[in-house]
Amino acid sequence: MKLPEASNFIEQIINEELAAGKFEKRGNKLQVRFPPEPNGYPHIGHIKAMCINFGVKEKYGAKLNLRMDDTNPAKEDYEYVNSLVDACKWLGFEFDQLVFASDYYDKLYEIAEKYIIDGNAYVCDLSAEEITATRGTLTEAGTPSPYRERSVEENLRLFREMKAGKYLDGAKTLRAKIDMTSPNINMRDPIIYRIAHVSHYRTGDKWCIYPMYDFAHPVSDAIEGITHSLCSLEFENHRPLYNWFVEKAGFEAPLPRQIEFARLNITNMLMSKRYLKKLVDEKIVSGWDDPRMPTVAGLKNRGVPPEALKKFCADIGVAKAYSVVSQAQLDSCIRDNLNENAERAMAVLNPVKLTVTNYVGEEELSFEKNPMKADGATRDIKFTGTVYIDRDDFSLNPPPKYKRLYKGGTVRLKSAYIVRCDDVKLNNEGEVEEILCTYFPETKSGSDKPSEVKAKGVVQWVDAKYGKQVVFKQYQPLLKDEEYADQDYAERLNLDSEKSFNGIAEPYLAESEDGKPFQLMRTGYYKKSSANGFTLSEIVSLKDSFNK
RNA sequence: UGGGGUGUCGCCAAGCGGUAAGGCAACGGACUCUGACUCCGUCAUUCGUUGGUUCAAAUCCAGCUACCCCAGCCA
C-alpha cells in the first residue's frame, strides 16, 4: 500500500496504523469527523480543527461527517448549526454528511441500558453537591456512592423512570461504575445521563434525560465508524474514559482512536466563546459577523480570503505543545493572498486638494487592475488636473529620505504624471489647504521616452471631479477590557491594553452597489520602525472604489 | 502533595541514534509607477537542565526543573 507523506504527527500515526494493517478489515477506509457543539459561531480556532480533519479526508480519501455535538439542550440552536455549515461551505470544505448527536439519542439510551445490565452503570441519588463532595480531590481518592451497589433490576427500573419523567432535574443521575479511587478524576464514576426537563432544539420535549459529552462523544464516534477522533489537548485526560465507554458498549475493532492536538492561540486575539458571546450580547460589536470578530463570519466580512486561512493553518502546523502564534503570521498569509488576487483601486482616506496649475482639460488614463496578474487588464480612470491626495503623502517639513511630496519636490501621481509642488496654501490653523503643482506632460504614465524629470515617490490620488466619495464606516478598535477579557488568558496572549486586539486597528469599510469587494492597499509608511510594509489594518475590503 | 501532557532561534515548527529543514518576524543589499511586491544575503556549534549509555545523542536511559490540563448533573 502506498502511504501519503505525513505532514504532521497525526498523519504519522495514521500511516503507522495503516502500515500495520489496522484497518484492513474495513478496506483501509478511514473516517473522521468535525464535531462542534452548536452553541456559538465558529472562529479561527475551529478552522484549524477543520483543516486537520478535512486534511485527513483529502489525503486519505477518508469519510468526514460534520457532527453537531448537541447533547446540552440549554445552549444549542439552529442559528449555530447554520453558522457551522456556512463556515464549511465558505472554506470550501465538503463533508459527507451532516449528522447530530441528537440523532443517536435512542441508540445512546439503549447502550446506557446495556451498561446497566452488564453491571457497568448505576442510578445515583446523590445531589450535585454530594457528588462533588464524594469525588475526592486531586490528591485524595473519592468515596463510593451509597447507591453504587443497587441491583441491575432496580437500576433498570429507576433509569426507565428517569426517562419517563418521574423525577425532578438533579434528583438522580446515571453513573458509570468505574473506580472512585482512580488518580484520573474523570474515571471516578462519571455521570452518563442527567435529568433536564428542557426542550431540545431538535428533539423537542421527547427527552428529559440527556447524555453527557464523555459518553455521547465516544459512542457517537463508534456508531458512525469513526477511525480517528481528533480533538484538542484538554481532552487528553478523558481518553481512558473514551476508551472505556466504547469498549463497554461492545463495539468491534477497529475501535475509534482519540488523538489530541494543541488548540490555536493567536497573539492579540481573544477567541473564547464566552467572551465573544458577551461582545455580541452586550452589543459591543454589531454581531457575530462584525469584522473585528475572529469568527469565520467576521473574517469573511472583513475580506479575508478562505484560502489565506487554510494557508495559515498549513503553515503553523499541528503539534501538542502549547503555543501562541504571532498575529503577524496570519497577516502575512492574508497579505500574500490579497497581493496575488486582489484588484487594485486608488483611494485617499484623509484627503487634501492638489491642483495642477498648468493642466487644462481632462483625459482618460489606464490603471492596472492587478499588477500581479500577467493579463494586463486595466480600467480607465479620469484625470482633470485637480485631485485629492492623502495628507500623509505631503509634508511641510520633510524628514531625510522622504519619498513623497513636499514644497519644491516631485512625486508621481500613480498612473498619471510626475508633478512638482510649487506652493502650498495654508488655512488659519496653519494646516495645508491646497497644494499647487506643475505637471510634466512627457512623464505621462506608460510613455517609453525617458524623461529628464525624476520622482522618487509614487502617491495615490482621486480625481476631484470624477472620484467617488464614499462614506467609510470606521470601527472603533476593540480594546482590552477587564470586563470582557479573561485576564489570565489575555495575559498569555501578550495583550497590551494600549493596543487594539482581535486583529483590527482601524478598519474602514464601505458598501457598494454591486457588492464586489476591492482591496485597498496603502503605500508603506515612511517610518520603517512602525511597519515596514502594510499591516492587516491597511488592507481592507473596499466595497466600493474611487475612480472606478 | 495525585494523575495526564509539553519543553528545538523573538513566534510557529521539522527532526524519530549519524552530526540542527521550513515559515513568520528581524537585519543588510538590489530592483520598483504602490517606501509594497520580487530578488539576493544574514539570522540555533546548539536542542529546559544535570548526569549516563554509545565511535556518535535534540533523538536512548535516569534525576531535576518549568509550563499546561483535570475535582461541571458544560463541551
Side-chain angles (χ1 to χ4, degrees), chain A residues 7-9 12 35-37 39 69-72 74-76 124 126-128 131-133 135-142 169-175 182-188 190-196 209-210 212-214 216-217 231-240 260 262 266-267 273 311-312 314-333 335-336 339-340 344 346 368 371-372 401-404 411-418 443 445-446 455-460 492 494 521-528 531-534 538:
Chain A
S7 59
N8 58 245
F9 80 96
Q12 204 165 342
E37 182 189 14
N39 68 347
D69 236 341
D70 54 358
T71 54
N72 184 1
K75 296 181 177 177
E76 298 146 2
C124 181
L126 255 27
S127 69
I131 286 181
T132 302
R135 186 153 29 218
T137 67
L138 295 177
T139 52
E140 297 160 40
D169 289 4
K172 282 178 167 43
T173 56
L174 181 70
R175 292 230 257 165
S182 171
N184 182 342
I185 294 180
N186 295 300
M187 300 298 274
R188 318 235 264 231
I191 292 167
I192 302 175
Y193 268 95
R194 76 283 214 179
I195 300 171
I209 57 172
Y210 291 93
M212 298 289 289
Y213 164 88
D214 277 324
H217 197 90
C231 62
S232 49
L233 242 33
E234 63 265 36
F235 293 107
E236 262 177 328
N237 296 328
H238 298 238
R239 199 189 322 134
E260 310 84 10
I266 301 177
T267 57
K273 218 171 257 178
K311 171 68 162 50
F312 172 67
D315 283 0
I316 58 174
V318 183
K320 293 191 75 164
Y322 174 87
S323 63
V324 182
V325 180
S326 141
Q327 192 198 309
Q329 186 133 8
L330 207 213
D331 293 352
S332 164
C333 292
R335 244 187 284 130
D336 269 4
N339 186 42
E340 179 85 18
R344 312 303 154 93
M346 292 195 289
E368 245 187 315
M372 298 299 287
K401 294 187 183 172
Y402 190 65
K403 290 179 70 170
R404 286 169 275 168
V411 80
R412 173 174 287 282
L413 295 179
K414 184 171 168 58
S415 296
Y417 301 92
I418 289 177
T443 61
S445 180
K456 272 193 181 155
V458 181
V459 301
Q460 295 189 30
R492 265 188 278 144
N494 302 322
M521 294 188 182
R522 298 191 64 186
T523 52
Y525 287 101
Y526 168 68
K527 278 188 181 171
K528 275 185 155 183
N532 187 8
F534 29 59
E538 293 161 304

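A note on names: the letters A, B, ... follow the listed sequences, proteins ahead of strands, and every chain is numbered from 1. The shown structure was predicted, so the numbers you read here are calculated from the model rather than taken from an experiment.
Comparing B:G35, B:G5, B:C69 by their nearest atom to the side chain of A:Lys320 picks out B:G5. The listed nucleotides are B:U34, B:C69, B:C73; the one nearest the side chain of A:Pro371 is B:U34. Closest to the side chain of A:Arg404, from the set B:C73, B:A75, B:G35, is B:G35. Of the candidates B:G7, B:A75, B:C16, B:C16 carries the atom nearest the A:Gln12 side chain, counting heavy atoms from C-beta on.
With hydrogens and angles ignored, no donor-acceptor pair closer than 3.5 Å exists between the side chain of A:Asn339 and the base of B:C37. Side-chain atoms of A:Arg239 stay outside donor-acceptor range of the base of B:G4, with no qualifying N/O pair under 3.5 Å. Residue A:Asn237 places a side-chain atom within donor-acceptor reach of the base of B:G3, judged by atom type and a 3.5 Å distance cut-off alone.
In plain terms, the two heavy atoms of A:Lys403 and A:Lys456 that are nearest each other are CE-O, 3.4 Å. Of all heavy-atom pairs spanning A:Asp69 and A:Glu76, the tightest one is O-OE2, 3.7 Å. Considering all non-hydrogen atoms of both residues, A:Cys333 and A:Phe312 come closest at SG-CA, 3.5 Å. For the residue pair A:Val324 and A:Ile266, the shortest heavy atom distance occurs at CG1-C, 3.9 Å.
As rounded to the nearest Å, B:G35 and B:A14 have C1' atoms that lie 35 Å from one another. If you take atom P in B:U19 and the same atom in B:C24, they sit 26 Å apart, rounded to whole Å. Straight-line distance between the C1' atoms of B:A25 and B:U65: roughly 29 Å, to the nearest whole Å. Annotation: B:A58 and B:U49 have their P atoms spaced 11 Å apart (nearest Å). One P atom belongs to B:C43, the other to B:G28, and the distance between them is 15 Å to the nearest Å. Between B:A66 and B:C55, the two C1' atoms lie 34 Å apart (nearest whole Å). Straight-line distance between the C1' atoms of B:C9 and B:C47: roughly 10 Å, to the nearest whole Å.
Residue A:Arg135 places at least one side-chain N or O closer than 4.0 Å to OP1 or OP2 of B:G72. Remark: A:Thr137 is not in phosphate contact with B:G2, judged by side-chain N or O atoms under 4.0 Å from OP1 or OP2.
Counting any heavy atom pair closer than 4.0 Å across all strands shown, A:Ala128 reaches a base atom. No contact: A:Ser182 has no heavy atom under 4.0 Å from any strand. Residue A:Arg412 is in base contact, counting any heavy-atom pair closer than 4.0 Å across all strands shown. Residue-level contact check: A:Ile316 touches the backbone only, with heavy atoms under 4.0 Å from sugar-phosphate atoms and none from bases. A:Leu413 comes within 4.0 angstrom of nothing in the nucleic acid, heavy atoms only. Residue A:Leu126 is in base contact, counting any heavy-atom pair closer than 4.0 Å across all strands shown. Counting non-hydrogen atoms under 4.0 angstrom, A:Tyr193 reaches nothing in the nucleic acid. Counting any heavy atom pair closer than 4.0 Å across all strands shown, A:Ser415 reaches a base atom. Nucleic acid contact class of A:His238 (heavy atoms, under 4.0 Å, all strands): base.
For the pair A:Ile192 CD1 and B:C74 P, the computed distance is 15 Å after rounding to whole Å. Between A:Asp214 atom CG and B:C73 atom P there is a gap of 10 Å when expressed in whole angstrom units. With rounding to whole Å, A:Asn39 atom CG is found 14 Å from B:G72 atom C1'. Rounded to whole Å, atom P of B:G3 lies 15 Å from atom CG of A:Asn186. Between the P atom of B:U32 and the CE atom of A:Met372 lies a distance of 17 Å, rounded to the nearest Å. We find that NZ of A:Lys414 is positioned 14 Å from P of B:A36, with the value rounded to whole Å. What separates CZ of A:Arg188 from C1' of B:G4 is a distance of 13 Å, to the nearest Å. Computed from coordinates, the A:Leu233 CG to B:G4 P distance equals 15 Å when rounded to whole Å.
Checking A:Asp69 against A:Glu234, the closest nucleotide of RNA chain B that is more toward the 5' end is the one next to A:Glu234. In this structure, A:Asp70 and A:Thr132 both approach RNA chain B, and ranking their closest nucleotides by distance from the 5' end singles out A:Thr132.
For the side chain to side chain contact (heavy atoms under 4.5 Å, CB included) test, residues two or more places apart in sequence or in another chain that qualify with A:Ser7 are A:Glu11, A:Lys59. Not a single side chain to side chain donor-acceptor pair (under 3.5 Å) links A:Tyr193 to another residue, sequence neighbours left out. The side chain to side chain contact (heavy atoms under 4.5 Å, CB included) check on A:Ser182 picks up A:Asp179, A:Asn184, A:Met187, with sequence neighbours excluded. Scored by the side chain to side chain contact (heavy atoms under 4.5 Å, CB included) test, A:Phe235 finds A:Tyr213, A:Cys231, A:Ser232, A:His238, A:Gln258 as partners (sequence neighbours excluded). Judged as a salt bridge (charged side-chain N to carboxylate O under 4.0 Å, His left out), and not counting sequence neighbours, the contacts of A:Glu234 are A:Arg263.
B:C60 and B:G52 make up a base pair, with Watson-Crick or G-U wobble contacts both under 3.5 Å. Within the shown strands, B:G5 is the pairing partner of B:C67 under the Watson-Crick or G-U definition, both distances less than 3.5 Å. Base pairing of B:U42: its partner is B:A26, meeting the Watson-Crick or G-U wobble criterion (both donor-acceptor distances under 3.5 Å). With a 3.5 Å ceiling on both atom-pair distances, B:U34 lacks any Watson-Crick or G-U wobble partner.
In this structure, the side chains of A:Asn39 and A:Asn72 stay at 4.5 Å or more apart for every pair of heavy atoms.
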Evaluation steps, side chain to side chain contact (heavy atoms under 4.5 Å, CB included), between A:Met212 and A:Thr173: CA-CA 11 Å; A:Met212 298 289 289; A:Thr173 56; over 6 Å; no
N/O to N/O distances under 3.5 Å, protein versus nucleotides 21-25 of chain B:
unit_1: B:G23; atom_1: N2; unit_2: A:Gln329; atom_2: OE1; d: 2.6
unit_1: B:C24; atom_1: O2'; unit_2: A:Gln329; atom_2: N; d: 3.4

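In B:G72 the O4'-C1'-N dihedral to the base is within 90° of 0, which defines a syn nucleotide.
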